[in-house]
Amino acid sequence: MHEASIARAILQSATSKLNSTPNAVQLKLVQIEVGEFSNVDSESLQFAFDNMRELFQGASACELQIDAIQAQAICQNHNHLYRPDFEHAFCCTICGSGIGKLLRGEELNIINMRLETHLPEGAKQCTTR
């Protein structure tokens, strides 16, 4: 299951960011996008992440938010923009030609992290009005 390796890589990247951010003490959220053609099973990735996060300092309460990205392609014959799918053998739903260029759907990116921070002793929090 390569989702476990992906979960580990996400946690390593996130805890590296946590450790390099001044006054950061805990990961709260990691948001990723996963394309439907990325060959990643989101449920398996979530399961691996949830079972691995306690192994990384500061990540035991971290949530993983997975945003699914639908595939989008341009066909090779007429440059139609369409969503390739298995039902149509990934061919253009307008003219039947093959994929000329896949524009979206292979993503696997960390797009956001939320960290909890604490002010150092004696520091004052600024407020604006």
Discussion item. Let's go through Ile111 and Ile32 carefully: what are the C-alpha distance in whole Å and the side-chain angles of both, what is the deciding distance for side chain to side chain contact (heavy atoms under 4.5 Å, CB included) to 0.1 Å, and is it a yes or a no?
Written reply: CA-CA 5 Å; Ile111 58 172; Ile32 64 170; 5.8 Å; no
Looking only at heavy atoms, which two atoms of [X] and [Y] are closest? And how far apart?
{"X": "His80", "Y": "Cys95", "result": "ND1-SG, 3.6 Å"}
{"X": "Cys91", "Y": "Gly96", "result": "CB-O, 3.5 Å"}
{"X": "Lys28", "Y": "Leu115", "result": "CG-C, 4.3 Å"}
{"X": "Ala48", "Y": "Glu3", "result": "CB-O, 4.1 Å"}
{"X": "Gly58", "Y": "Leu18", "result": "CA-CD2, 3.9 Å"}

Item to complete: Return each pair, listed once, that meets ring pair (Phe, Tyr, Trp, His ring centres under 6.0 Å) where at least one residue sits in residues 7-37; pairs must be two or more places apart or across chains.
Response: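 As it turns out, the ring pair (Phe, Tyr, Trp, His ring centres under 6.0 Å) pairs with a partner in residues 7-37, which skip direct neighbours, are Phe37-Phe90.
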Count I, L, V, M, F, W, Y as connected when their side-chain heavy atoms are under 4.5 Å apart, and connections chain through other members. Are [X] and [Y] then in the same cluster?
{"X": "Ile110", "Y": "Ile6", "value": "yes"}
{"X": "Val40", "Y": "Phe49", "value": "yes"}
{"X": "Val25", "Y": "Leu55", "value": "no"}

Discussion item. Between Glu116 and His118, do the side chains contain a donor N or O and an acceptor N or O under 3.5 Å apart?
Written reply: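 Per modelled atom types, His118 and Glu116 side chains form a pair under 3.5 Å.
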Once side-chain hydrogen bond (donor to acceptor under 3.5 Å, both in side chains) is applied, do any residues pair with [X], and if so which ones, sequence neighbours excluded?
{"X": "Arg83", "answer": "Glu36"}
{"X": "Gln57", "answer": "none"}
{"X": "Asn39", "answer": "none"}

Discussion item. Would you compute the distance between atom CD1 of Ile69 and atom CG of Leu108 and round it to the nearest 0.5 angstrom?
Written reply: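 Between atom CD1 of Ile69 and atom CG of Leu108 there are 11.0 Å.
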Worksheet item: How far apart are the C-alpha atoms of Leu103 and Leu81, what are their side-chain angles, what is the distance that settles it, and do they pass the side chain to side chain contact (heavy atoms under 4.5 Å, CB included) test?
Response: CA-CA 9 Å; Leu103 301 175; Leu81 184 63; 3.6 Å; yes
Item to complete: Go through the steps to decide whether Met52 and Phe56 satisfy the test side chain to side chain contact (heavy atoms under 4.5 Å, CB included), and finish with yes or no.
Response: CA-CA 8 Å; Met52 220 178 276; Phe56 292 83; 4.3 Å; yes
Discussion item. Can you pull out every side-chain hydrogen bond (donor to acceptor under 3.5 Å, both in side chains) where at least one residue sits in residues 87-98? Sequence neighbours excluded, please.
Written reply: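 Found Asp85-His88.
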Practice prompt. Give every residue pair that meets the salt bridge (charged side-chain N to carboxylate O under 4.0 Å, His left out) criterion with at least one member in residues 89-109, sequence neighbours excluded.
Written response: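 Every salt bridge (charged side-chain N to carboxylate O under 4.0 Å, His left out) pair that includes a residue of residues 89-109, provided the two are not neighbours, is Arg104-Glu107.
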